[in-house]
Amino acid sequence: EPQQPINWQVLDQFSTPSGYSWPRFLHYAGNDLGFVAWSQNRPIERFYWYPTADLEADFSAAQISHPYVQVNNTPLKLKLGVGIAELHLAGHLAQIQINQDSKLHSLSFSPNSSEAQTYQLPNYPLLADATQISVYVAPLGKAFDCSSLLQFTKLTHLNLSGRMTQLSCLAELAHLQSLALRYLPELNELPALSTWKDLNQFIGWNIEANVGKLLRTQLKALQQEREFNYSSITQLRSKSWFSTE
């Protein structure tokens, strides 16, 4: 049951042949916060958590390098800590409140709520120093509003997957060095790649074909001016492909 306490320590007996704690990844749907205290002495690589009650979780001393937290209609207050390498927030993001600044630099989001016409990120002032952000939504259906990314003024690495809107706002991310676009059926609002003076890595994969071809031309021109660490534009798709496939 969601409120039932769990003996997390029963897993301490397991390890890989090299002595590394096993299992490395755990999935838990419930409200027992015992796993947080458990992780202080037993590091967890990835923990996928689906709480179902109004909770406040203190991760300030946790050793969970990649926590994945998904909420629906119940509020959740999170205190973060230095043991977190990347935080992934999913579901109804407006229900998640960040209560402690941990100088976390890597974030990923999978918004999913029915309250607005587009998905948007809430204002997260305590996460404003993030430099790497990934956003995942479905290629069809409600779009993600990229204007809500402008709160992260230090952003250098951005990964977008799915249907996006307000792509023109990305021109304001002046420090962008890496941009990856995957499963984007609409790209007409995307600024020219030359907009970002520090851009040295670009990925386009399963993106709309007409703009994709234009991006190839832009990328080829930029590569004459600067060195790219990595670049790839592949699997260009017609708009009908996104509906049928």
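Everything quoted here is computed from the prediction, not taken from an experiment.
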Over 12 non-hydrogen atoms of neighbours within 6.0 angstrom of [atom1] in [X]:
| X | atom1 | value |
| --- | --- | --- |
| Gln3 | CD | yes |
| Lys77 | NZ | no |
| Gln13 | CD | yes |

Looking only at heavy atoms, the pair that brings Asn99 and Glu56 closest together is ND2-OE2, 4.2 Å
Minimal non-hydrogen separation, Gln223 against Ser231, with atom names: NE2-OG, 2.8 Å
Given the rule that I, L, V, M, F, W and Y join up when any side-chain heavy atoms are under 4.5 Å apart, are [X] and [Y] in one cluster?
| X | Y | answer |
| --- | --- | --- |
| Ile203 | Leu193 | no |
| Ile44 | Val10 | yes |
| Leu181 | Phe242 | no |
| Trp205 | Leu219 | no |
| Phe228 | Trp196 | yes |

Side-chain ([X]) to main-chain ([Y]) donor-acceptor, under 3.5 angstrom:
| X | Y | result |
| --- | --- | --- |
| Lys142 | Ser113 | yes |
| Gln63 | Gln40 | yes |
| Glu208 | Asn210 | yes |
| His105 | Asp129 | yes |
| Arg226 | Asn200 | no |
| Ser148 | Leu121 | yes |

Would [X] and [Y] count as having a side-chain donor-acceptor pair, cut-off 3.5 Å?
| X | Y | value |
| --- | --- | --- |
| Ser60 | Gln100 | no |
| Asp12 | Trp38 | yes |
| Gln120 | Asp145 | yes |

Tell me, do Leu179 and Leu199 make a side-chain contact under 4.5 Å, heavy atoms counted? yes
Student check: side-chain heavy atoms of Thr52 and Asn31 closer than 4.5 Å: yes
Inter-residue atom distance [X].[atom1] - [Y].[atom2], 0.5 Å rounding:
| X | Y | atom1 | atom2 | result |
| --- | --- | --- | --- | --- |
| Gln97 | Lys79 | CD | NZ | 11.0 Å |
| Cys146 | Glu189 | SG | CD | 8.5 Å |
| Leu87 | Ile98 | CG | CD1 | 6.0 Å |
| Ile233 | Phe202 | CD1 | CZ | 5.0 Å |
| Ile6 | Phe35 | CD1 | CZ | 9.5 Å |
| Leu93 | Leu76 | CG | CG | 11.5 Å |

Passing candidate, side chain to side chain donor-acceptor pair (under 3.5 Å) with Asn206, options Arg182, Glu245, Arg237, Gln235: Arg237
Given Tyr124, which partner from the list Ile96, Leu104, Leu107 fulfils the side chain to side chain contact (heavy atoms under 4.5 Å, CB included) test? Ile96
Going by the angle between their ring planes, with limits at 30° and 60°, are Trp241 and Tyr183 parallel, tilted or perpendicular? parallel
Given His88, which partner from the list Tyr68, Phe47, Tyr48, Trp49 fulfils the ring-ring contact (aromatic ring centres under 6.0 Å, His included) test? Tyr68
Donor-acceptor pairs are to be reported for all side-chain atoms of residues 156-174 against protein atoms at under 3.5 Å, with residues two or more places apart or in another chain.
unit_1	atom_1	unit_2	atom_2	d
Thr156	OG1	Thr131	O	3.2
Asn159	ND2	Ser134	OG	3.1
Arg163	NH1	Gly141	O	2.4

Examine Phe144 together with Tyr119 and report whether their ring centres are nearer than 6.0 Å. no
Flag the pair Trp8 / Tyr28 as yes when their ring centroid distance falls below 6.0 Å, and as no otherwise. yes
